[in-house]
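Please read the structure below before turning to the comments.
Nothing here was measured: the structure is a model prediction, and the numbers come from that model. Numbered from 1 within each chain, the chains take letters A, B, ... in sequence-line order.
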Amino acid sequence: MHISEGVLSAPVLISTGAAGAALTVFGFYKMKTEMLAKTALMSSLFFVGSFIHIPVGPTSVHLVLNGLVGAVLGFCAFPAIMVALVLQALMFQFGGFTTLGTNILVMALPALAGYGLFRLGMKTAGTKRWILFFLTGSVPVFLSAVLLSTVLALSGSRLYDTAKAIFLMHIPVIIIEGVVSMYLFNFLNKVYPDFLRTEYEN
Amino acid sequence: MKFSPAAGIFCAAVYSCIIAFRQQITPADAVFAAGVMLLRVNCLPRYFFRILKLNLMILFICATVYLFGDDAQHALLIFLRYNLIVCVTAALFCEMNATDFYYGFYTLKLPHKFTVLLFFAIKYIEIIGNEYEKMRNSLKIRNFKPRTDTFTYKTLAYLLGMLLVRSMNRAQALTQAMKMRGFSGRLYPFNFRPFFPADVVVAALLVFQFVLTFGGLA
């Protein structure tokens with residue numbers, strides 16, 4: 001899901017970087033001190049999530065978990081994802097400094113959709129809730145894949161086919177993330193309902 | 001040669017900005033990368049295979065640009081830009097851990113909210129990592145073999161959920177312990193990562209690179 005250094009054009013890097021930075025600053029403003037532990041925890045889960053590989057046929061995919069981060073944190077997902085991306089860039093060279101803003105935008109903006117869908121899911125019951133929990137996981141990954149392909153396509157017509165290929169590569173992740181999120185939210189709702197409450201925002 | 005985290009982060013960020021916006025890569029652009037790799041030649045075996053693995057994705061992107069975008073020059077530009085930046089970051093940070101990065105950002109005087117969040121995230125990564133290892137081992141003991149089926153996805157979802165519950169409990173205990181010691185949203189570290197003589201060398205190299213790239217010496 002990370003955009004590597006050196007791929008995007010300068011206008012795309014600057015505009016998405018500025019948008020990502022502005023939204024992260026707003027996310028930091030929204031984050032109260034009481035929210036710090038939870039934000040840091042979700043940030044570390046987002047970081048660790050990239051090492052949890054899930055088999056899909058002969059190959060495997062890793063979870064993105066931006067839906068889960070968004071559902072739990074709302075706008076604080078921006079600082080949480082930013083910190084995880086900084087550590088991934090420094091420790092494993094996934095992404096980088098110049099693509100940090102773009103990567104934040106690609107992964108954290110769709111997390112807000114996860115927040116909305118999850119709140120909606122908590123108000124419903126039965127099959128409708130299961131479907132909304134599925135969408136909480138899958139829709140943010142789908143939107144992230146769309147954003148990722150869009151920024152690639154905007155970087156020049158030479159990257160159109162790369163954008164298409166990268167979007168297609170994410171289809172299994174979209175489905176798996178939805179299935180895992182569906183069971184995960186149901187589990188958390190039963191075992192630790194307090195964890196899913198978000199009343200700490202400014 | 002050892003670098004301080006602050007100098008490493010600053011130099012890597014500046015060099016990334018210089019290279020990422022270049023429309024043409026010349027041998028002169030690789031002076032800083034070559035210099036840093038030469039200074040870090042002792043840990044080259046440690047990051048060489050990581051760079052090779054990372055190149056798989058960029059090779060895929062370059063191949064699609066070359067084959068479908070019909071632009072070999074742009075494919076080469078992406079490949080060179082990526083590898084120059086990755087070689088520098090891998091070489092600069094190969095001996096550093098997550099705590100070093102916290103001290104690096106703290107020394108660079110980044111906002112407290114960011115450095116404190118980074119500090120907590122680093123602590124929780126350790127907690128979550130240990131918990132995940134324990135739970136994965138308990139699954140292994142019970143002969144769990146991941147497959148492409150609902151049972152596997154359900155098990156992994158419950159594992160993630162349990163990981164969150166246990167980590168949250170331990171994270172809350174850590175936060176309470178810190179609050180008891182007077183934590184109010186700001187940290188005052190006593191230990192700092194010192195600056196090394198190599199930092200001066202790497203800073204001089206960066207200035208030289210800057211002059212080469214923008215001063216028209218090349």
Side-chain angles (χ1 to χ4, degrees), chain A residues 4-8 10 13 28 31 33 36-41 43-45 47-49 51-57 60 63 68 79-80 82-84 86-87 89-94 96-99 156-162 165-166 176 179-184 187-188 191-192 195, chain B residues 9 12-13 16-17 19-21 50 54 57-58 61 64-65 68-71 74 78 80-82 85-86 89-90 93 96 98 101 111 113-114 116-118 120-125 128-129 132 146-148 150 152-154 156-158 160-161 163-165 167-168 171-172 174-175 184-185:
Chain A
S4 308
E5 295 264 31
V7 179
L8 301 179
L13 270 180
F28 272 112
M31 189 181 74
T33 314
L36 194 72
K38 208 183 220 182
T39 311
L41 186 73
S43 179
S44 38
L45 192 80
F47 181 90
V48 173
F51 303 107
I52 302 176
H53 288 269
I54 295 184
V56 184
S60 71
L63 296 172
L68 172 68
M82 184 247 196
V83 164
V86 165
L87 285 173
L90 294 175
M91 293 169 84
F92 310 114
Q93 285 77 52
F94 297 159
F97 287 106
T98 59
T99 54
S157 54
R158 294 163 290 214
L159 286 160
Y160 281 172
D161 292 294
T162 313
I166 285 183
I176 305 269
V179 175
V180 171
S181 296
M182 187 172 73
Y183 290 121
L184 173 65
F187 175 85
L188 283 175
V191 176
Y192 200 172
F195 187 76
Chain B
I9 291 167
S16 299
C17 291
I19 298 301
F21 296 109
R50 195 196 311 159
L54 286 167
M57 189 60 202
I58 213 72
I61 292 174
T64 52
V65 171
F68 304 111
D70 210 16
D71 194 341
H74 194 70
I78 290 174
L80 290 175
R81 280 197 304 212
Y82 176 76
I85 296 170
V86 161
T89 44
F93 305 131
M96 291 181 201
F101 297 129
K113 263 194 171 177
F114 167 71
V116 171
L117 185 64
L118 183 72
F120 273 89
I122 290 166
K123 291 286 160 212
Y124 295 158
I125 285 170
I128 289 188
Y132 176 64
R147 281 188 289 263
T148 313
T150 326
T152 302
Y153 300 146
K154 205 173 181 176
L156 286 170
Y158 289 169
L160 260 175
L163 193 67
L164 259 175
V165 173
S167 310
M168 191 62 199
Q172 274 173 344
L174 180 72
T175 314
S184 59

Is B/Ile85 in contact with chain A via its backbone, its side chain, both, or neither, using a 4.5 Å heavy-atom distance? side chain
Side chains of A/Phe28 and B/Leu117: does their closest heavy-atom pair fall under 4.5 Å? yes
Quick one: does B/Lys113's side chain have a donor or acceptor within less than 3.5 Å of a partner on A/Met31's backbone? yes
If you look at every heavy atom in B/Ala12 and A/Phe97, which pair is closest and at what distance? CB-CE1, 3.7 Å
Any heavy-atom pair between the side chains of A/Val83 and B/Ile122 that's under 4.5 Å? no
So, do B/Tyr82 and A/Val7 sit near enough that their side-chain heavy atoms are less than 4.5 Å apart? no
Atom pair CD (A/Gln93) and CG (B/Leu54), whose distance is rounded to the nearest 0.5 Å: 6.5 Å
Evaluate the side chain to side chain contact (heavy atoms under 4.5 Å, CB included) criterion for residues B/Val86 and A/Glu5: first the C-alpha distance (whole Å), next the side-chain angles of each, then the deciding distance (0.1 Å), finally the verdict. CA-CA 8 Å; B/Val86 161; A/Glu5 295 264 31; 5.6 Å; no
Quick check for you: to the nearest 0.5 Å, what is the distance between B/Ile61 atom CD1 and A/Asp161 atom CG? 13.0 Å
At a 4.5 Å cut-off on heavy atoms, which part of A/Leu13 comes close to chain B: side chain, backbone, both, or neither? side chain
Bottom line for B/Ile58: the part with an atom under 4.5 Å from chain A's heavy atoms is side chain
Pick one of side chain, backbone, both or neither for B/Phe101, based on which atoms fall under 4.5 Å of a heavy atom in chain A. side chain
Proximal component of B/Arg50, with respect to chain A [non-hydrogen, under 4.5 Å]: side chain
Interface check, chain A: of B/Val65, B/Thr148, B/Asp70, most non-hydrogen pairs under 4.5 Å belong to B/Thr148
Give the minimum heavy-atom separation between A/Tyr183 and B/Tyr158, together with the two atoms involved. O-CE2, 3.8 Å
Heavy-atom check, side chain of B/Val116 versus side chain of A/Thr33, under 4.5 Å: no
Taking A/Ser4, A/Ser44, A/Ser157 one by one, which has the highest count of heavy-atom pairs under 4.5 Å against chain B? A/Ser44
Who among B/Pro111, B/Ser16, B/Gly129, B/Ser167 has the most heavy-atom pairs with chain A under 4.5 Å? B/Ser16
Heavy-atom side-chain proximity of B/Thr64 to A/Ile166 below 4.5 angstrom: no
When rounded to the nearest 0.5 angstrom, what is the spacing between CZ in A/Phe51 and CD1 in B/Ile125? 8.5 Å
Indicate the atoms forming the closest heavy-atom contact of B/Tyr124 with A/Ala37, along with that distance. CE1-O, 3.3 Å
Once rounded to the nearest 0.5 Å, what's the spacing between atom CD1 of A/Ile176 and atom CG of B/Leu156? 10.0 Å
Measure B/Ile9 against the heavy atoms of chain A and call it side chain, backbone, both or neither at under 4.5 Å. both
In the structure I gave you, are the side-chain heavy atoms of A/Ile52 and B/Tyr132 within less than 4.5 Å of one another anywhere? yes
When only pairs under 4.5 Å are counted, which of A/Thr162, A/Thr39, A/Leu63, A/Leu159 shares the most heavy-atom pairs with chain B? A/Thr162
Honestly, the part of A/Val48 sitting under 4.5 Å from a heavy atom of chain B is side chain
Report yes if the side chains of B/Phe114 and A/Met82 come closer than 4.5 Å at any heavy-atom pair, otherwise no. yes
Is any side-chain heavy atom of A/Leu36 closer than 4.5 Å to a side-chain heavy atom of B/Phe120? yes
For A/Leu188, is it the side chain, the backbone, both or neither that has a heavy atom under 4.5 Å from a heavy atom of chain B? side chain
Side chain / backbone / both / neither for B/Met96 at chain A, heavy atoms under 4.5 Å: neither
Counting only heavy atoms closer than 4.5 Å, note whether A/Tyr160 contacts chain B via side chain, backbone, both or neither. neither
Quick one: pull up CG in B/Leu118 and OG in A/Ser43 and give me the separation to the nearest 0.5 Å. 8.0 Å
How far apart are the closest heavy atoms of B/Arg81 and A/Leu8, and which atoms are they? NH2-O, 3.9 Å
